[in-house]
2 protein chains.
Amino acid sequence: MIKHYDITEYKNPLFTVDSVLFTVKNGALKVLMVKRASEPFAGRWGLPGGFVDVDIDDSVSMTALRKLKEKTSVAPQYLEQLQTYSGINRDPRGFSVTLVYFALIAEAQVSTHIETVDDAKWIDIDEVNNLPVAFDHKYIIEQAKARLKQKALYSMAPVYCLPEHFTVGQFKSVIETIIGKPVQRKSIIRRIEAAGMFETLDEKVKSGGRLAQLYKVKAGVDIVNFERNLSV
Amino acid sequence: MIKHYDITEYKNPLFTVDSVLFTVKNGALKVLMVKRASEPFAGRWGLPGGFVDVDIDDSVSMTALRKLKEKTSVAPQYLEQLQTYSGINRDPRGFSVTLVYFALIAEAQVSTHIETVDDAKWIDIDEVNNLPVAFDHKYIIEQAKARLKQKALYSMAPVYCLPEHFTVGQFKSVIETIIGKPVQRKSIIRRIEAAGMFETLDEKVKSGGRLAQLYKVKAGVDIVNFERNLSV
DNA sequence: AGAATAGTGTCTGTGAGACAGTATGTA
DNA sequence: TACATACTGTCTCACAGACACTATTCT
């Protein structure tokens, strides 16, 4: 595969697609990382991704999904572009360009599969700094984390870190994990109602106290954004 | 140059960098477009951009700036990534990837130079639909316009469509042109004060009535974002 | 004086934060 | 009954919208 990208011969930028896939697990924000088997940076940890295969990928988002499925077996619930990173120094092979996707998934959806893949692991966001990380992926993860934090303040996107059926308490907890400080339960309830993108289930669920109402995302709705942020 | 990108031979995605450069001129939002001299889509209008030259570009933002300078002679005051567009059908030569930048400039900075370049023109945003446009650039311009509108609601970025010294009235007018509806003068004044990124000049300027206070952006400050949008 | 634009003062509306109070489950 | 968590009611605060009022310049 790599032979098509011999930069010294064709002066073509090396183009890859990577993803920062987040989830929240046990009250901690985690990012999916892969132990690199090949050079450059063999043995170090990097983001899941790779080269576009123009024979099977219709667009670069398909590349991102394909690479993520190899590690998690499923497509993430939320996927959007983060940014493109490029430069002459980020890859020892030469000028390289990486389009990075930003993705969210419920941990429960992938937990069993990820244990069977021994080169991919959920890394606690605070542990990334202690790992040997490939390329500029440490920096990219920081940027993705900042984006996720912003999204948690003005949008309902973090709901995609939750299982299909979830409670207000779980949603609140995910948001608090992402933004790193407490929010008012009331604010979450207000937004759930105002967004109009959720429906209540008849079922309730145990929570240590009073039974909690279950919610799910209505079919076919888009993520709702708000005109006002939660407080930072 | 194009020989390095023979996709049938190397199955390498075609990678280009384009820019959507906006300005506001005579109360209308304009986008810089270029009449294409070569295939594909020769004779149609497209976004300024082209291939990365790995010998002279340190990163893809340099490619964007270099291509914009060819048309405007100066670097835009504001430049950020919009998105990357890709697919097997957007370019007749094969799978292609375009990283698109989003840029703002004051019309006065480029007006004289642009008149000397006969293949580049400011196109009124409402006229784009009536032109023969290359690739998916019509769609990309729509997306860029939506992003600009959002930015006008929550950030001070549109100030970069104004000359170095500007009045509240001019700023208000630019914002109204971008979002397509009137805003309260008071709201602009409140934001100018709250942002803390401007300083007043001693000079005032004629405006048909009372003299208007001139403002400028303080040296070295970043664009300020607000936690609350203007009303949509 | 009258028109035009700049700028101020201040009231209303909306939605987030704070937090007390109520409801309903388990040990 | 004690507690834990879920949910509601409601006050405050910050900031955008609305708009009347004042200020300054030109004709």
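In what follows, chains are A, B, ... by sequence order, proteins preceding strands, each numbered from 1. Hydrogens, waters and symmetry mates play no part in the numbers below; they use all other heavy atoms, side chains included.
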Centre of B/Phe226's six-membered ring, under 6.0 Å away, within 45 degrees of the axis: is that where NZ or CZ of B/Arg191 sits?
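Cation-pi check for B/Arg191 and B/Phe226: passes.
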Between [atom2] of [N] and [atom1] of [X], the distance in whole Å:
{"X": "A/Arg228", "N": "D/dC13", "atom1": "CZ", "atom2": "P", "answer": "15 Å"}
{"X": "A/Ile188", "N": "D/dT5", "atom1": "CD1", "atom2": "C1'", "answer": "16 Å"}
{"X": "A/Ile189", "N": "D/dG9", "atom1": "CD1", "atom2": "P", "answer": "11 Å"}
{"X": "B/Ile179", "N": "D/dA16", "atom1": "CD1", "atom2": "C1'", "answer": "12 Å"}
{"X": "A/Gln213", "N": "D/dC7", "atom1": "CD", "atom2": "P", "answer": "7 Å"}
{"X": "A/Ile192", "N": "D/dT8", "atom1": "CD1", "atom2": "P", "answer": "11 Å"}
{"X": "B/Ile175", "N": "D/dA16", "atom1": "CD1", "atom2": "P", "answer": "11 Å"}
{"X": "B/Phe166", "N": "C/dA6", "atom1": "CZ", "atom2": "P", "answer": "14 Å"}

Please work out which of the three classes, parallel, tilted or perpendicular, describes the rings of B/Phe171 and B/Phe198, given edges at 30° and 60°.
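Perpendicular, since the angle between the ring planes exceeds 60°.
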Hey, what's the ring geometry for B/Tyr215 with B/Phe166, parallel, tilted or perpendicular (30° and 60° as the breaks)?
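Because their plane-to-plane angle is under 30°, the rings of B/Tyr215 and B/Phe166 count as parallel.
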Phosphate OP1/OP2 of C/dG7: any B/Arg185 side-chain N/O under 4.0 Å:
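True: B/Arg185 side-chain N/O within range (under 4.0 Å) of C/dG7 OP1/OP2.
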So, taking the atom named CD in A/Gln81 and the one named CZ in A/Phe102, what distance separates them when rounded to the nearest 0.5 Å?
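Output value for this atom pair is 13.0 Å.
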Do other residues, nucleotides or ligands put more than 12 heavy atoms under 6.0 Å from the NZ atom of B/Lys172?
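Result for NZ/B/Lys172: enclosed.
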For nucleotides 17-27 of chain D, give me one character per nucleotide, 5' to 3': B if any protein heavy atom sits under 4.0 Å from the base, S if the only such contacts are to the sugar-phosphate, - if neither.
BBB---BBB--
Verify the distance criterion only: is there a donor paired with an acceptor across the side chains of B/Thr16 and B/Thr98 at less than 3.5 Å?
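Side-chain D/A pair, B/Thr16 to B/Thr98: present.
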For B/Glu227, answer base if it contacts any base atom (sugar-phosphate contacts may also be present), sugar-phosphate if it contacts only those atoms, and nothing otherwise; contact means non-hydrogen atoms under 4.0 Å.
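Nothing, no heavy atom under 4.0 Å.
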